[in-house]
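To start, the structure itself, in C-alpha cells.
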Amino acid sequence: MSAVEQFSFRVEPTQHSRLSQVDFNNLKFGQIMSDHMLVAEYNNGQWEDISIVPYGDITVSPSLSALHYGQSIFEGIKGYKFADGTVSIFRPDKNWERFNKSAARLQMPEVPEEIFIGGLKKLLAIDNKWVPSLEGTALYIRPFMFATEAALGVHPSASYKFVIITCPVGAYYSKPISLKVETHYTRAAEGGVGFSKNAGNYALSLYPTQLANNEGYDQIMWTDAAEHKYIEEAGTANLIFRIGDKIITPHGETILHGVTRRTIMQLAEEWGYAVEQRKVSVEELIDGIKAGVVTEAFAAGTAATITHIDRIGFEGQDYNLPPVEGREFSNKVLDYLNQLRYGKIQDPFGWNFIV
Ligand code: COI
C-alpha cells in the first residue's frame with residue numbers, strides 16, 4: 001500500500017457492543033455479525049464517505065439497480081488469532097485482486113487497495129476481540145459492492161456502495177459431503193461470468209442444489225455448459241482430486257479462481273507432488289473411482305476450507321471414495337494450513353497479513 005494515504009476514514013465506535021452475547025465455543029457459519037462494518041460510497045467517479053460504523057441495516061431505494069439487474073459482487077476472506085493474540089488475515093491481496101476482476105467484468109468501479117485492504121485492517125483493529133481463537137474457527141470477512149443508482153433503465157449504475165462486514169464462524173461443513181454430478185443445469189458458459197464472484201452465480205445454484213438435496217446429496221458438482229462432460233466446481237467451492245500420483249484441479253474461465261485452491265496447488269508443487277490444472281472429465285473421475293486410482297477428492301474454498309467428499313452420484317449410481325483417514329495429501333495440507341494460519345509455524349510464503 002502506498003505510504004501516502006489518499007482517503008480519510010471516519011470511525012464511529014458502537015455504544016452497545018454485542019460481543020458478550022457470543023458463544024465462541026459454539027459458532028455457526030454466518031449468523032452473528034461483528035460490532036462494526038466499513039461502508040464507502042462511489043459517486044461521480046470517486047470514492048468518498050468512507051466510514052467504520054456500528055453494524056446495522058442499510059436503507060435502499062425500491063428502484064435500486066442492483067436489485068433489478070444484479071450488479072453485485074463479493075469476496076470471502078478469513079482472519080485468524082494466534083495464541084499470543086496477534087490477528088492475521090489470510091492472503092487478502094489475492095481477494096482484492098479477484099474482487100477488482102469481478103468488478104471489471106460487471107462494469108463496476110475498482111476498489112482501491114487503501115479502502116479494501118487498508119479499510120479491512122482498520123476494521124479488524126476495532127473489532128479484534130471478535131476474531132475467535134479456537135482451532136476450526138475464524139473471523140469470516142465479507143467485502144461486497146452493489147449498484148446503488150435508483151433508476152430502471154438497463155445501464156451501468158452511476159453510484160455504488162462498498163461494504164465490509166465480518167462474523168466469527170465455525171466450520172461451513174462439519175463432516176464430509178456428497179455431491180451429485182449435475183448434467184442438466186449450467187453454472188457458467190465460455191464468455192460468461194463464471195470466473196467472477198458475483199451474486200447471480202450463487203442464486204442460479206439454489207434450485208439445482210435443492211433438487212440434489214432432495215435426492216440425498218449435500219451439494220452439486222457443476223459440469224461444463226456445452227457438453228456436461230467436464231467437471232467445473234461445487235456450488236460453494238472449487239474441487240481438487242488426487243488421481244494416481246497427481247493432484248488435479250479443473251481450470252478455466254468458467255470456474256471461480258479460488259484463493260484456497262491456488263494456495264493448495266502451490267503447496268502441492270512445493271512438496272513435490274505432480275500437479276495439473278486441466279480439464280477433468282466426469283468419465284475420468286468415475287472410471288478412476290471404480291479402478292481405485294481416485295484416492296482423494298475435496299472441496300476447497302474460504303468458507304469450506306478443505307472439505308472431504310465421500311460420495312459422488314452420477315446418472316443414478318453412487319460412487320464411494322476411500323475413507324477420509326487414509327487421505328494423505330488433503331489431511332496433510334489441512335494440517336499445514338491450520339498451523340500456518342494460527343501462527344504455529346513459520347510463514348515462508350508471506351501469506352499471513354498481520355493486522
Ligand atoms: C467463500 O468460500 O468465502 C464463499 O464465498 C462461498 C460461499 C458459499 C460462502
Side-chain angles (χ1 to χ4, degrees), residues 27-34 70 72-80 89-103 105-106 111 116-117 120 124 131-132 136-146 162-175 177 179 182 187-188 193-210 212-213 217-222 232-240 249-250 254-265 298-309 333-334 337-338 341 351 353:
L27 292 170
K28 307 263 182 315
F29 187 92
Q31 308 260 312
I32 303 161
M33 303 302 146
S34 310
S72 178
I73 61 170
F74 69 98
E75 274 302 324
I77 310 176
K78 272 183 178 165
Y80 299 86
I89 313 172
F90 192 71
R91 307 192 80 180
D93 51 329
K94 295 292 164 245
N95 294 88
W96 171 62
E97 281 167 24
R98 184 173 67 182
F99 189 79
N100 282 338
K101 282 187 187 148
S102 300
R105 179 62 181 83
L106 293 204
V111 175
F116 191 103
I117 295 186
L120 183 50
L124 262 59
V131 185
T137 65
L139 188 78
Y140 186 76
I141 300 162
R142 172 55 63 85
F144 61 103
M145 172 164 59
F146 59 96
F162 172 68
V163 185
I164 308 179
I165 56 174
T166 73
C167 53
V169 297
Y172 194 86
Y173 296 111
S174 51
K175 57 180 187 51
I177 54 172
L179 303 186
E182 179 55 62
R187 175 180 177 275
V193 292
F195 66 89
S196 74
K197 208 158 169 65
N198 75 86
N201 282 352
Y202 294 82
L204 65 79
S205 76
L206 300 176
Y207 178 65
T209 304
Q210 182 60 57
N213 293 158
Y217 299 99
D218 297 304
Q219 260 295 330
I220 46 176
M221 181 183 281
W222 287 114
E232 303 230 306
E233 60 181 78
T236 48
N238 290 127
L239 292 169
I240 301 180
T249 190
T254 52
I255 296 170
L256 184 77
H257 296 167
V259 179
T260 309
R261 179 182 69 146
R262 166 203 287 234
T263 300
I264 293 168
M265 297 311 276
F298 57 96
T302 300
T305 59
I306 288 171
T307 301
H308 297 291
I309 295 163
V333 84
L334 182 57
L337 281 176
N338 274 341
R341 286 163 162 163
W351 289 340
F353 178 82

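Just so you know, residue 1 is the first one in the sequence shown, and it goes up from there. Both ligands and their constituent atoms are indexed starting at 1 by order of listing.
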For ligand 1, list the protein residues that place a heavy atom within a distance below 4.0 Å of one of its atoms, sorted by chain and number.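 Its neighbours under 4.0 Å (heavy atoms only) are Phe74, Gly76, Tyr140, Arg142, Tyr172, Lys197, Thr236, Thr302, Ala303, given by chain and number.
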Contact between Thr263 and Phe90 at the side-chain level, heavy atoms closer than 4.5 Å - yes or no?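 In contact.
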Taking the six-membered ring for Trp, are Tyr172 and Tyr140 closer than 6.0 Å centroid to centroid?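 So the answer is no for these two rings.
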Around atom NZ of Lys101, are there more than 12 heavy atoms from other residues, nucleotides or ligands closer than 6.0 Å?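 No, NZ of Lys101 has 12 or fewer neighbouring heavy atoms, counting only those of other groups under 6.0 Å.
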Sequence neighbours excluded, which residues qualify as side-chain contact (heavy atoms from CB on, under 4.5 Å) partners of Phe195?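 Once residues adjacent in sequence are excluded, the partners of Phe195 under the side-chain contact (heavy atoms from CB on, under 4.5 Å) criterion are Arg105, His257.
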I'd like to know if Glu182 pairs up with Arg187 as an ion pair, taking the criterion as any Lys NZ or Arg NE/NH1/NH2 lying under 4.0 Å from an Asp or Glu carboxylate oxygen.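 A salt bridge is absent here (no side-chain N lies under 4.0 Å from a carboxylate O).
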Name the orientation class of the two ring planes belonging to Phe116 and Phe99 (parallel below 30°, tilted from 30 to 60°, perpendicular beyond 60°).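 Because their plane-to-plane angle lies in the 30° to 60° range, the rings of Phe116 and Phe99 count as tilted.
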